[in-house]
Trainee: 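The structure follows.
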Amino acid sequence: MSTIRFQALREASTRKPVHFEESGRKSTIFGSNVFNQKAMKQFLTSDAYKAVQSAIQHGTKIDRKLADYIAMGMKEWALAKGVTHYTHWFQPLTGATAEKHDAFFETSFDGTETVEKFGGAQLVQQEPDASSFPNGGIRNTFEARGYTAWDPTSPAFIFGTTLCIPTVFISYTGEALDNKIPLLRALSAIDEAATEVCKYFDKNVKKVTATLGWEQEYFLIDKALAESRPDIMMTGRTLLGHTSAKGQQLDDHYFGAIPTRALTYMRDLEQECMLLGIPVKTRHNEVAPNQFEFAPIFEETNLAVDHNCLLMDVMQKVAERHHFKVLLHEKPFKGVNGSGKHNNWSLATDTGINLLSPSKTPMTNLQFLTFFINTIKAVNDYEALLRSSIATASNDHRLGANEAPPAIISVFIGEQLTKVLDELKEVTTGKLSPEEKTDLKLNVVGKIPEVILDNTDRNRTSPFAFTGNKFEFRAVGSSANCSNAMTTLNTIVAKQLKDFKNEVDALIENKTMKKDDAIFNVLREYIKKSKKILFEGDGYSEAWEKEAAKRGLSNFKTTPDALKAKISKQALDLFSEMGIMNHIEVEARYEIELEEYAKKIQIEGRVLGDIATNHVIPTAIRYQNTLIENVKGLKDIFGSDFETIAKEQIRLIKSISKHIEGINSKVVEMTNERKKANVMEDAQKMAEAYCNKVKPYFEIIREHCDKLELLVDNELWTLTKYRELLLTK
């Protein structure tokens with residue numbers, strides 16, 4: 001079997017970059033395969049175009065008759081580009097995307113005529129099987145009906161020869177079965193809440209948009225090498241493998257010259273992104289060998305989430321052309337950095353103002369402080385829920401490792417802004433004196449732009465950091481759908497802004513305070529109440545873990561523990577009050593995420609057991625037999641002196657036997673624990689059993705396997721090694 005490994009190495013080492021030619025400047029091809037405003041103006045009637053724009057900007061419903069005209073125009077545009085099929089492209093609760101292709105082609109009843117048909121009914125709604133996707137008990141197998149419904153706020157696009165129409169996915173009984181519906185509701189909630197607060201500062205603001213800029217980290221591994229590893233192919237990560245002597249310790253990969261094959265892949269991927277309207281702008285080597293990153297220009301959050309989901313699909317498809325395998329797992333290799341997907345979040349008004357970007361005037365800076373402090377307060381009050389939004393089996397491997405934020409949610413704002421908040425915390429209760437107000441506006445609020453300019457330091461150990469004009473949610477995992485984290489973040493900030501406005505209005509009405517006085521008074525109290533969430537130090541230190549416990553911050557290191565926050569009374573009340581999800585929808589997601597966790601650990605346990613017993617042990621025995629034959633030969637030659645001469649061989653034979661016994665016994669014990677977990681009906685108990693009873697065996701079994709990798713003849717070892725996976729360019 002070692003021949004597979006060496007064949008893969010030979011194949012990978014002789015690869016040449018795939019020939020690729022760019023089809024034009026990015027600015028000219030951008031959005032060519034998107035049914036954007038330019039395409040709509042060309043292919044839609046005036047009324048149809050206005051209907052779509054009204055739906056996008058104001059959320060108005062589109063009349064079915066106009067939907068027919070929109071579908072007709074969309075079809076003509078797609079056919080002109082060689083499209084043959086269409087699909088409703090949606091995001092079920094699998095974490096991936098889903099699609100079912102239907103041909104435009106139809107025949108008449110008697111089969112004598114053919115026509116390309118696509119009407120408003122096909123555009124607006126389709127009916128996939130709702131019971132075949134994760135639904136948390138909302139739908140039974142005999143209650144299969146569910147619907148996908150067109151989301152006009154995210155434009156249709158062409159990939160290959162298929163017209164893809166972004167849609168929501170909803171059950172027959174009305175519950176959301178996808179990631180998009182709660183996100184859209186959360187974005188609507190923050191728009192409404194933030195717009196009302198903005199009116200304190202600018203009456204002209206009519207809409208506030210949450211923006212998102214994700215940073216997608218990933219590994220590129222030669223396809224042949226990846227396919228030689230059953231664990232990579234079935235779990236997305238290596239379940240065993242001794243660390244390479246050379247890894248990332250020299251920091252020579254980070255921001256280095258991009259390897260030629262990888263760069264050609266990136267150029268090809270960038271072109272596909274340009275055609276699909278995904279505004280990728282940055283590419284570079286990441287810290288670990290064969291690890292890279294793509295980052296886009298900021299977009300409206302719903303569109304940004306769709307674009308990231310689409311990118312993850314396109315990355316894999318383009319990789320096939322270049323004989324690569326893309327690994328999006330958060331920790332595919334032990335001993336080197338894992339991958340995240342930093343979510344850079346901010347709020348923008350329809351008047352062109354970034355609400356988290358300081359300006360040059362005290363009034364606009366008071367607006368900045370209002371949204372800045374309210375965001376901190378929201379994270380302070382809902383830190384456990386925010387942690388639950390990024391909890392997965394794969395992200396558990398990354399959080400807390402020395403390249404990613406810890407499982408403790410905290411906010412980093414920098415030394416200078418901390419001083420600003422400390423000064424605001426001392427604002428007089430009630431009405432401010434003219435002198436105090438002047439000093440505050442000129443010497444504290446008025447100087448914030450200078451503070452931000454100088455405050456360039458960053459804290460890579462912080463899971464939620466302010467980085468100048470946005471908050472960076474660094475704890476999101478690389479394989480995650482951003483919608484889970486963004487739904488939670490936008491919901492908690494919307495709730496906080498709503499509460500803020502109620503408190504400010506009450507002070508203005510009941511205590512006859514002026515607006516600025518009322519705002520300062522409320523912000524002062526928020527700063528005091530949010531003290532526990534602010535942390536500027538080393539998030540990896542044991543001291544912080546102890547300090548966080550004293551502050552009352554949660555520290556959920558595993559997904560089963562973290563997910564409990566999703567069904568807390570606080571969370572259920574929040575999502576219900578803000579109109580994001582009802583109790584059924586929240587509890588369904590909780591069940592689904594627990595089941596997904598258990599299934600992933602179950603699969604990993606089965607794969608590890610298979611590799612350990614069917615790859616590692618037979619290889620070790622084969623080498624052990626070689627050693628035994630060698631010892632026998634030495635005994636024949638040297639007689640009673642053979643034990644001295646064959647001392648090292650005998651030691652190796654014993655050591656191999658010890659590790660074989662360790663693997664066998666622990667695989668049996670792990671399998672027995674897995675069988676116990678499998679019969680548990682309660683999802684929480686099953687997830688906890690897999691977490692606490694099954695998963696601990698992984699490291700024990702791995703340690704024995706990795707020790708054998710160092711002992712066994714390299715020529716016999718069947719599994720592609722870390723040095724080959726990570727250092728083959």
Side-chain angles (χ1 to χ4, degrees), residues 2 5-6 8-9 12-13 217-222 224-254 256 259 285-292 325-340 393-404 460 478 540 604 607-608 611-612 615-617 619-620 623 652 655-656 658-660 662-663 666 695-729:
S2 59
R5 172 187 162 209
F6 290 114
L9 282 169
S13 63
E217 295 176 343
Y218 63 99
F219 281 84
L220 268 186
I221 306 300
D222 186 88
L225 299 181
E227 288 178 347
S228 72
R229 292 282 308 224
D231 47 359
I232 289 179
M233 297 309 294
M234 287 189 277
T235 72
R237 75 179 182 106
T238 54
L239 297 172
L240 50 84
H242 199 279
T243 54
S244 172
K246 182 182 184 298
Q248 65 187 48
Q249 61 266 53
L250 296 178
D251 297 322
D252 52 347
H253 185 67
Y254 190 51
N285 291 359
E286 256 299 331
V287 175
N290 277 345
Q291 186 186 32
F292 306 95
K325 172 74 175 173
V326 174
L327 303 185
L328 293 173
H329 193 286
E330 282 75 6
K331 194 73 173 178
F333 301 101
K334 184 179 180 179
V336 298
N337 278 17
S339 300
S394 52
N395 210 21
D396 281 356
H397 293 286
R398 170 178 165 264
L399 293 179
N402 284 342
E403 86 269 354
R460 296 184 66 84
S478 54
Y540 298 150
E604 288 188 350
V607 172
L608 178 59
I611 295 175
H615 287 253
V616 175
I617 288 178
T619 303
Y623 181 58
L652 274 174
S655 184
I656 288 171
K658 183 190 76 172
H659 291 304
I660 289 173
I663 292 171
K666 295 306 176 184
K695 190 179 173 186
Y697 284 102
F698 288 13
E699 279 305 306
I700 301 171
I701 295 168
R702 177 177 192 148
E703 184 177 0
H704 286 297
C705 292
D706 290 355
K707 292 292 185 184
L708 285 174
E709 182 182 330
L710 293 180
L711 297 176
V712 172
D713 182 354
N714 181 62
E715 294 294 315
L716 296 178
W717 196 255
T718 62
L719 297 167
T720 305
K721 298 189 175 185
Y722 265 35
R723 65 171 183 264
E724 297 155 352
L725 290 165
L726 289 170
L727 300 176
T728 303
K729 304 299 181 185

Trainee: Looking only at heavy atoms, what is the nearest atom pair of A12 and L225, with distance?
Mentor: CB-CG, 3.9 Å
Trainee: Going by side chain to side chain contact (heavy atoms under 4.5 Å, CB included), name the residues that satisfy it together with S228, two or more places apart in sequence or in a different chain.
Mentor: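 By the side chain to side chain contact (heavy atoms under 4.5 Å, CB included) rule, S228 matches I4, A8, T720.
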Trainee: In Å, rounded to the nearest 0.5 Å, how long is the span from CD1 of I617 to CD1 of I663?
Mentor: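 Going from the CD1 atom of I617 to the CD1 atom of I663 covers 5.0 Å.
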Trainee: Evaluate the criterion side chain to side chain contact (heavy atoms under 4.5 Å, CB included) for residue pair F292 and N285; output intermediate values, then yes/no.
Mentor: CA-CA 4 Å; F292 306 95; N285 291 359; 3.2 Å; yes
Trainee: Taking the six-membered ring for Trp and the full ring for Phe, Tyr or His, determine whether the centres of H397 and F333 are under 6.0 Å apart.
Mentor: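 For H397 and F333, the ring centres are not under 6.0 Å apart.
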Trainee: Is any side-chain N of the basic residue among E604 and K695 closer than 4.0 Å to the acidic one's carboxylate O?
Mentor: no
Trainee: Taking all atoms of both residues into account, what is the closest heavy-atom pair of I611 and P230, and its distance?
Mentor: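 For I611 and P230, the tightest heavy-atom pair comes out as CD1-CB, 4.1 Å.
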Trainee: Could you report the tightest heavy-atom contact between A620 and I660, atom names first, then the distance?
Mentor: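 Heavy atoms of A620 and I660 come nearest at CB-CD1, 4.1 Å.
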Trainee: Mind running side chain to side chain contact (heavy atoms under 4.5 Å, CB included) on W717 and V616 for me, showing each step along the way?
Mentor: CA-CA 8 Å; W717 196 255; V616 175; 3.9 Å; yes
Trainee: Considering all heavy atoms of both residues, which atom of L711 and which atom of Y623 are nearest to each other, and what is their separation?
Mentor: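 Reported closest heavy-atom pair: O-CE2, 3.2 Å.
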Trainee: Could you give the distance from CG (L239) to CD (E699), rounded to the nearest 0.5 Å?
Mentor: 10.0 Å
Trainee: Ignoring hydrogens and angles, tell me if any N or O in the side chain of H253 forms a donor-acceptor pair with the backbone of Q291 under 3.5 Å.
Mentor: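 Answer holds: yes.
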Trainee: Does R702 pair with D231 as a salt bridge, N-O distance under 4.0 Å?
Mentor: no
Trainee: Checking the side chain of Q248 only, and the main-chain atoms of P289 only, is there a donor and an acceptor separated by less than 3.5 Å?
Mentor: no
Trainee: First locate atom SG of C705, then atom CG of L608, and finally report the distance between them rounded to the nearest 0.5 Å.
Mentor: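 Reported to 0.5 Å precision, the distance equals 6.5 Å.
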Trainee: Ignoring hydrogens and angles, tell me if any N or O in the side chain of E217 forms a donor-acceptor pair with the backbone of G340 under 3.5 Å.
Mentor: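 Pair found, side chain donor or acceptor close to backbone of G340.
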Trainee: CG of L708 to CD of E703: how many Å apart, nearest 0.5 Å?
Mentor: 11.0 Å
Trainee: Could you tell me which residues satisfy side chain to side chain contact (heavy atoms under 4.5 Å, CB included) with K666, sequence neighbours excluded, listed by chain and number?
Mentor: E669, Y697, I700, I701
Trainee: Quick check: closest heavy atoms across G335 and T243, and the distance to 0.1 Å?
Mentor: CA-CG2, 4.0 Å
Trainee: Nearest 0.5 angstrom please: H329 NE2 to F219 CZ, how far?
Mentor: 11.0 Å
Trainee: Are the side chains of H615 and L240 in touch, meaning some heavy atoms are under 4.5 Å apart?
Mentor: no
Trainee: Answer yes or no: is there a donor N or O on one side and an acceptor on the other, between the side chain of N290 and the main chain of L726, under 3.5 Å?
Mentor: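 Confirmed, N290 side chain pairs with L726 backbone.
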Trainee: Quick one: list whatever passes side chain to side chain contact (heavy atoms under 4.5 Å, CB included) with H242, sequence neighbours left out.
Mentor: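 With neighbours one apart ignored, the set is D706, E709, L710.
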Trainee: E286 vs N337, test: side chain to side chain contact (heavy atoms under 4.5 Å, CB included). Steps then yes/no.
Mentor: CA-CA 9 Å; E286 256 299 331; N337 278 17; 5.5 Å; no
Trainee: Inspect the surroundings of CD in E227 and state if more than 12 heavy atoms from other residues, nucleotides or ligands are less than 6.0 Å away.
Mentor: yes
Trainee: Roughly how far apart are E330 CD and R237 CZ, rounded to 0.5 Å?
Mentor: 11.0 Å
Trainee: Specify the closest pair of heavy atoms between V287 and Y254, including all atoms of both residues, with the distance to one decimal.
Mentor: N-CD1, 3.6 Å
Trainee: Please answer whether the main-chain N or O of K334 pairs with a side-chain N or O of Y722 as donor and acceptor at a distance below 3.5 Å.
Mentor: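 Yes.
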Trainee: Set out, in order, the CA-CA distance, both residues' side-chain angles and the distance that settles side chain to side chain contact (heavy atoms under 4.5 Å, CB included) for R5 and N714, then state yes or no.
Mentor: CA-CA 11 Å; R5 172 187 162 209; N714 181 62; 2.7 Å; yes
Trainee: Would you call E724-R229 a salt bridge at under 4.0 Å N-O?
Mentor: no
